[in-house]
Amino acid sequence: SHILAVSGMHVAYIITIVDYLLSTLKIGKKQTKVITIFFLMFFMALANGTPSVRRACIMAGIGIGANLIYQKSDIINNMVISALVILVPNPFAIWNTGFILSYSATLGIVLLTPIFLTKEETVEKNKWKKIWTQKIKSVFVVSISSWIAIFPISMLLFRTISFTFIFSNLMVSAIIGTIIMLGMVASIPIHIPIVSDILFCLLDFLLAILTKISQIFSSMPLSHILVCPPSIGMIMLYYGGVFWWIYQKKLNRKRI
């Protein structure tokens with residue numbers, strides 16, 4: 001469900017595709033950024049403006065806009081601005097499940113990933129091995145960070161927890177980017193006989209792999225554990241402990 005939900009990951013791939021296409025057409029960097037911002041607004045409307053999509057598009061738009069005027073962009077500030085844009089017209093959106101999970105997971109990734117994903121001083125002789133090791137480690141760390149952030153919320157909302165998500169995320173992340181990009185190309189209403197047939201066959205093959213991975217991991221014993229929902233006090237205690245741990249880690253790093 002997380003992979004199929006349109007959110008930050010899809011927006012990141014959209015930005016990558018638009019940037020690549022406009023760069024190929026030799027359009028200037030400033031013009032590319034402006035067009036990308038307008039395309040994000042179009043995509044936000046196309047995706048029906050759900051809270052998770054709006055958060056991702058607004059944050060990305062602010063980041064690109066800041067770069068356009070040669071200013072630094074802070075992710076936490078961008079999150080707050082996007083939350084205000086969503087909540088001022090409709091304060092009840094704060095109870096939306098997508099809003100809660102999207103902001104919690106993003107905040108967890110932003111705060112926890114730098115702690116887990118430290119820079120390695122060792123020099124790896126095999127360049128490709130180093131690249132793939134870093135990619136696998138980054139996917140693993142991002143998955144863990146988001147899981148820590150939404151752990152009590154998922155217990156409260158869904159009464160379930162899963163311990164197989166890390167391994168399924170590692171396998172799915174290898175093909176999901178290709179599926180998203182091919183899917184976007186396939187959605188263009190232009191039919192080229194041979195090219196279109198190859199494209200749809202490739203998409204069918206990758207989607208079959210994605211479905212099979214989901215079936216395998218969903219049938220494992222630890223993929224769906226029923227739990228009692230925690231109290232609000234326990235959730236507050238949990239997040240208080242997490243934020244205190246983050247604060248201590250950041251404090252120690254500054255001292256060093």
Side-chain angles (χ1 to χ4, degrees), residues 2-3 5 7-16 19 40 51-68 70-84 98-124 127-154 161-163 165-174 176-177 235-256:
H2 167 68
I3 293 296
S7 59
M9 179 178 61
H10 295 75
V11 171
Y13 281 114
I14 287 169
I15 293 170
T16 303
D19 185 70
L40 286 173
S52 57
V53 175
R54 291 175 71 184
R55 176 201 61 76
C57 288
I58 292 168
M59 286 182 65
I62 293 170
I64 295 168
N67 189 260
L68 189 64
Y70 305 105
Q71 296 294 321
K72 288 185 177 181
S73 177
D74 182 76
I75 298 176
I76 301 295
N77 287 339
N78 293 353
M79 284 182 64
V80 174
I81 294 168
S82 65
L84 285 172
F99 181 94
I100 296 168
L101 292 175
S102 181
Y103 277 92
S104 300
T106 305
L107 188 62
I109 292 168
V110 171
L111 295 178
L112 293 169
T113 300
I115 294 173
F116 293 134
L117 206 61
T118 54
K119 291 182 180 179
E120 296 181 3
E121 299 296 332
T122 56
V123 179
E124 180 66 52
K127 182 181 177 182
W128 290 108
K129 183 180 177 182
K130 182 181 179 181
I131 291 170
W132 280 106
T133 302
Q134 288 176 343
K135 282 186 177 182
I136 292 170
K137 186 179 178 181
S138 64
V139 172
F140 181 82
V141 166
V142 167
S143 299
I144 287 289
S145 299
S146 61
W147 185 80
I148 291 172
I150 66 170
F151 174 65
I153 297 173
S154 62
I161 55 173
S162 173
F163 292 103
F165 72 97
I166 300 171
F167 307 104
S168 59
N169 277 6
L170 284 171
M171 296 185 71
V172 166
S173 62
I176 191 66
I235 293 173
M236 291 176 67
L237 187 65
Y238 173 87
Y239 282 117
V242 171
F243 281 117
W244 176 252
W245 180 74
I246 292 170
Y247 173 75
Q248 290 297 318
K249 286 288 184 181
K250 289 184 178 291
L251 194 66
N252 290 336
R253 189 169 293 179
K254 285 181 180 180
R255 285 172 180 169
I256 293 169

What do the steps show when you test F116 against W245 for ring pair (Phe, Tyr, Trp, His ring centres under 6.0 Å), and what is the final call? CA-CA 12 Å; F116 293 134; W245 180 74; 5.7 Å; yes
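Residue-environment remark: CD1 (I246) exceeds the threshold of 12 foreign heavy atoms within 6.0 Å.
The two residues Y103 and S82 make their nearest non-hydrogen contact at OH-OG, 2.8 Å. Counting all heavy atoms, side chain and backbone alike, N78 lies closest to M59 at O-CG, 3.7 Å. Closest approach of S73 to G63, counting heavy atoms only: OG-CA, 3.7 Å. When all heavy atoms are compared, the tightest approach of I115 to L111 is CD1-O, 3.6 Å. Smallest separation of non-hydrogen atoms from P114 and I109: CD-O, 3.9 Å.
Note that the CD1 atom of I14 and the CG atom of L40 stand 7.0 Å from one another [nearest 0.5 Å]. Of the inter-residue distances, the one linking S102 atom OG with R54 atom CZ reads 12.0 Å to the nearest 0.5 angstrom. Taking CD1 of I62 as the start and CG of N67 as the end, the distance is 13.5 Å to the nearest 0.5 Å. The structure places CG of D74 at 9.0 Å from CD1 of I81, a figure rounded to the nearest 0.5 Å.
Side-chain contact between L107 and I76 is present, with at least one heavy-atom pair separated by less than 4.5 Å. When side chains are defined from C-beta on, I150 does not count as touching S146, because their heavy atoms never get closer than 4.5 Å.
With hydrogens and angles disregarded, no donor-acceptor distance shorter than 3.5 Å links the side chain of T113 to the backbone of V110.
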Residues 237-244 side chain polar contacts: donor-acceptor under 3.5 Å, at least two apart:
| residue | atom | partner | partner atom | Å |
| --- | --- | --- | --- | --- |
| Y238 | OH | I148 | O | 2.6 |
| Y239 | OH | A149 | O | 2.4 |

